[in-house]
*Asks:* 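Below: one structure in structure tokens.
Residue numbers begin at 1 in each chain, while the letters A, B, ... track the order of the sequences.
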Amino acid sequence: MTFRDADLVSNVVAALDKAVEPGFPYRLMHVCGSHEHTISRWGLRSLLPEGLEVIAGPGCPVCVCPPHEVGEAIELARRGAIVATFGDMLNLPTNFGSLAEANASGGDVRVVYSPLDAVALAARNPEREVVLFAVGFETTAAPVATALGSANLPDNFSVLVSHRSTPPAMELLLGIGDICVDGFIAPGHVSAITGAEAWQRFPDAYAMPVVVAGFEPEDVLLAMLLLVEQINRGEATLENEYSRVVPKLMSSPAVAAIDAVFEVSSAWWRGIGRIPRSGLALRRELGSRDARERFDVHFEAEQNDLPPGCSCHLVMLGKVHPPACALYGRKCTPSSPHGPCMVSQEGTCFIWYTYESEELPATTQGDAS
Amino acid sequence: MPAEPDHDTAGDRSGATRLRSWDRTLLGRYRPVYHPVNTSCTWCALGPCDLLSGRKGACGQTLSILAAREALVLAVTGACAHAAHARAVIDHLLERDGPELRLELGPWVQIRAPIIELVMGVRPHFSRDLPKVLDSVDSQLVALLGATHFGGEQDAIDLESKTFHAGTMDLVALEVADLAQSSAYGFPSAVRDTALVPLGLGQVDTSKPVILCIGHHSAVGHRIAELLAARGTASEVELVGLCCTAHDMARGHGASVKIVGNQRDQLSVVRAGIADVIVADQQCVRLDLKDEALQRGSCFIATSDAAYSGLPDETDVDPDSLACDLAGRTAAGTFVSDVERAAELAIAVAIRGKRVRLGPPPATEDDAAACNRCGVCDEHCPLALPIADGVFAVAQGGRWGILESLSQRCLRCGRCDSACPLELPVMALVDAADGSAPLRTTVRAGRGPISDFEIKSAGPSIVLGDIPGIVAFLACPDYPDGRDSVGWMARILAARGYIVLASGCAAMDLSWGSGGEGGPENERQSPYELFPAFFDQGGLVNTGSCVSAAHAIGAAIKVASILLHRRLAGNYVGVADYILNRVGMVGVLWGGVAPKALSISAGANRLGIPVLFGPQGERFRRTLEASSDREGWVFDARRGNRVDIAAAPTALCTTAASREEAMVEIVRLCLRPNDTATGRQVKLGHYVALSRELLGEPPGDVARWVRSPYDVPESWACEELTASLPDGWVHTPIPDPTILEGLVRSR
Ligand code: SF4
Ligand code: SF4
Ligand code: SF4
């Protein structure tokens, strides 16, 4: 595999080599499955100088979707609704089974590629209830909001919302402590929607450097360089590496669309717990489009929301890299996933298993005991 | 980030001094401030040695050392009381259920014994595992007491470290006792809606024979309830409890047991003559209770060898014939140590026929008539209530107003009675003045531990500050300002989204008092009916009796363990550092007077949980305060430097003069160095609002807590902030705080 801009890559890597001070640990965290995908697929960790570590934070919306919400979707399928969802959700293992199993046992679960597909599905099946199981961060919440705002929305269309917002989880990570992160790489596509607002408090209140980055390997490496330079200067600011796509970090019209449809709520993150202000819920006036209200399906969160032995919570909190999990690559592989992080293409375990080389450090801080 | 170091044993030894280096670190930040009660020492036959004005005793002791030694003795005494109680519970249950009794707290509680695991490094699974834990507690308490002997520990900080250790042993004993009894009696565990149990003298149906159980070890009470239920006679006998025994009986038997009151009420209750039989076990039983009971015609059965009360041991006598025999005695008192026999005896006495109860008629003006306002009663009242004016006003024309106004504050200790040179029934006059108060409310039966699920659910909100703090009301009911004080505080806190926990006598008193901010349509409704009984925003949880205070402390440990995903065994220091810097929990011992209160407080303090006492707290000889801003420093584990910040919490062990001051102090004590920006904003918001509301002005030190503009509470106008910011205020980033140098990244 060759880089699109090999010169740029080698220049940035050389600059990183120079910038990283020996004996001085740099720990950078990204919070987006797409960034992990780029890092692993292009083997970027192997290019990094010693002392510079990049860890994956809570960046996979499928992984953090709690079992009881999947259970609600399964229940709706069981009651005869067509449940439309994104492909990654199908095989997510829960105590209620998976959506794929629900499909196999007579439920009607369909994979869609966009919320508008689900609206079209509803239009084509006027005699059936169609529920979009909407999972994702702001990047998916925006098209769902647009879909809900579309004219002539079929009456038989509703949404089971499982949207999440990352910044509160990042603040929680800092609050829990024990992570020792020196800088955040923020996802460019989310920033294109939310603007600077979402990240500004990290440099301001925590003196935590943040760089908004795109998804090419060059983008991610450059973001790391910008972070390392900030750290070396003892500075903490919000920088934008993704300016070719997001010239100015300001909130987009999509934010207004999201606000019109959703309100901020607390939300359960699988393996982590209930995080205040980290979820989106449909506004009360849209109650008839809210599948939970419409069908009176309200499942409670569960105490044991991860399969036994799974360390996804530690992976998602950036406390360990996947190989520290005793099940990784043994009882848990992409073809036979045991935990949620091995299911989704944005899951850290899935990505590591697919791309990472064996020699990488097994842990960030310790073992997953 | 270095691998998790084992601080507990770092450079140190085992047993009572294992945590010495942590203690010295903690006490370097929170210095003991001594409040000597005795200024001369009589501990050895060389004394008394007057220690004022810097004089040393003949053994070399100073006044502060004396205060520190006395505090240690009190803490050990308290811990011994709990350890002995735990031993009595275990001995009984081993006899009843054998060594293989599974220690279970239900499916929601996987970390069953966080304190034992943290301190002792073991996980008890069966009843047979617990005596070993207690053996270790016993031997360490002996070592601690030994260190107070002539020529023992001579350094104040090392004495404080030992006091901490007595507190730690106390917490272990609490957990042993509650784990054992919860498992054996199948108490509800981490269940939300336990029964609402009637509370108050007004709830007792005195038309039935009344059995009153008093104390802390509820084995006999449980057996009585079981026997009454098994024989279908529960409705014929009024089974009531007082103090912690009552809590535990209610946990086991719900509303079929009534709670008549707590430790403070016992003299009034016994003097009211409502009880045909009084079953006393151990702890917090008044030392004159037997005499008072016998004078009122109640039959008094002592059941614990911790308190024979001078009674004949008649354990071997058949309960029925003993009941018959007692009926003929003028002073019907006996000692029966066997649980089964004591229960049978109590029932036999009760159903044999009501005894002639000699509850005196309410006191009247005539009883006060002789008062000459000499003021002796005031002098001897522990609260220095102006009681003489009150009695005199009644004597001079039946004006009851003053006594009525004092009646809510009076501790019903009866000291004024024995002090009055004219032997006037002063306390009865106070009781008579209080006659209008309807002594009936409800308390939710204790629900034991906080589930792991609740921690996972609420933990992130605690870290992020959406739940601004956890406030645990613990221990005794001898408040400086009335029995409604803790209920008043709890309502305000729960309404503001704090998690309120309660145990022991304080948990009962949460039921009293008129509604504050949480005030509902029905002002008289018990807060237990108003706030949900779970560990979450605005929840109000009664864990149970005093020993269930272990669950409040356990909750803080579990927040650390569940959020941090760290092992407990061998990681005491890591967890304590975590709680100190990140978990905004405060213990409130507003009426704490028994030595046990000091032990619990010392145990909590060492774990990084600050404690607030009423003004009487100074009688425990010392408080632990951050004496200057400088002592607020922490290491920033992320950046590797030491940062000077305002001390948070501001003290480890402190007092407040009034309930209003206490409220403001409680919310301030919930501040932690790691508060997220949102968390600090929310916490400061409550601090400013409560200070304005209750003290009439905003606090003077808000600016100390503002680290960046994100911390500024919405209620705090910009001009006010700017005016209060000190010259040269600079924005300090939120650290990743620890006071353990070993956790700091080396850069
Ligand atoms: S390897 Fe599998 S079981 Fe282990 S943390 Fe990852 S997803 Fe969970
Ligand atoms: S001590 Fe007795 S006589 Fe003296 S003021 Fe008090 S009640 Fe009156
Ligand atoms: S009974 Fe009341 S008035 Fe009398 S001494 Fe005790 S607290 Fe004071």
*Asks:* Pick one of side chain, backbone, both or neither for Arg707(B), based on which atoms fall under 4.5 Å of a heavy atom in chain A.
*Replies:* neither

*Asks:* So, for Asp182(A) and Arg638(B), which heavy atoms are closest and what is the spacing to 0.1 Å?
*Replies:* OD1-CG, 4.0 Å

*Asks:* Pick whichever of Glu302(A), Glu171(A), Glu21(A) has the most heavy-atom pairs under 4.5 Å with chain B.
*Replies:* Glu171(A)

*Asks:* Using only atom types and a distance under 3.5 Å, with no angle test, would you say the side chain of Gln303(A) pairs donor to acceptor with the backbone of Pro107(B)?
*Replies:* yes

*Asks:* Would you indicate whether Arg233(A), at its atom CZ, is surrounded by more than 12 heavy atoms from other residues, nucleotides or ligands within a distance under 6.0 Å?
*Replies:* yes

*Asks:* Using atom types as modelled and distance alone, determine if a side-chain donor or acceptor of Arg274(A) lies under 3.5 Å from a backbone N or O of Pro460(B).
*Replies:* no

*Asks:* Tell me, for Asp452(B) versus chain A, whether the close heavy atoms (under 4.5 Å) come from the side chain, the backbone, both or neither.
*Replies:* both

*Asks:* Can you check side chain to side chain contact (heavy atoms under 4.5 Å, CB included) on Tyr578(B) and Ile176(A), steps first, answer last?
*Replies:* CA-CA 9 Å; Tyr578(B) 195 85; Ile176(A) 292 176; 3.4 Å; yes

*Asks:* Report the C-alpha separation of Ile734(B) and Met208(A) in whole Å, then their side-chain angles, then the decisive distance to 0.1 Å, and conclude whether the side chain to side chain contact (heavy atoms under 4.5 Å, CB included) test is met.
*Replies:* CA-CA 9 Å; Ile734(B) 301 172; Met208(A) 177 68 68; over 6 Å; no

*Asks:* Give, for atom CD1 of Ile275(A) and atom OG of Ser457(B), the distance between the pair rounded to the nearest 0.5 Å.
*Replies:* 11.0 Å

*Asks:* Could you tell me whether Glu741(B) atom CD has more than 12 heavy atoms of other residues or ligands within 6.0 Å of it?
*Replies:* no

*Asks:* Specify which of Ser266(A), Gly271(A), Gly234(A), Pro203(A) makes the most heavy-atom pairs with chain B at under 4.5 Å.
*Replies:* Gly271(A)

*Asks:* Measuring heavy-atom distances to chain B, does Trp268(A) have an atom under 4.5 Å in its side chain, in its backbone, in both, or in neither?
*Replies:* side chain

*Asks:* Do Thr678(B) and Arg201(A) have side-chain atoms, one donor and one acceptor, less than 3.5 Å apart?
*Replies:* yes

*Asks:* Quick one: of Gly175(A), Ala236(A), Ala169(A), who has the most non-hydrogen atom pairs under 4.5 Å with chain B?
*Replies:* Gly175(A)

*Asks:* Okay, side chain of Tyr206(A), backbone of Ala677(B): is any donor-acceptor separation there less than 3.5 Å?
*Replies:* yes

*Asks:* Heavy-atom pairs under 4.5 Å with chain A are the metric here; pick the option from Asn674(B), Leu464(B), Leu563(B), Val559(B) that has the most.
*Replies:* Leu464(B)

*Asks:* Atom CD of residue position Glu714(B) - does it have more than 12 heavy atoms of other residues, nucleotides or ligands inside 6.0 Å?
*Replies:* no

*Asks:* Please flag which part of Gln200(A) lies under 4.5 Å from any non-hydrogen atom of chain B: side chain, backbone, both or neither.
*Replies:* both

*Asks:* Report which part of Gln110(B) has an atom under 4.5 Å of a heavy atom belonging to chain A: side chain, backbone, both, or neither.
*Replies:* side chain

*Asks:* Does the pair Arg277(A)/Asp466(B) count as a salt bridge with the N-to-O cut at 4.0 Å?
*Replies:* yes

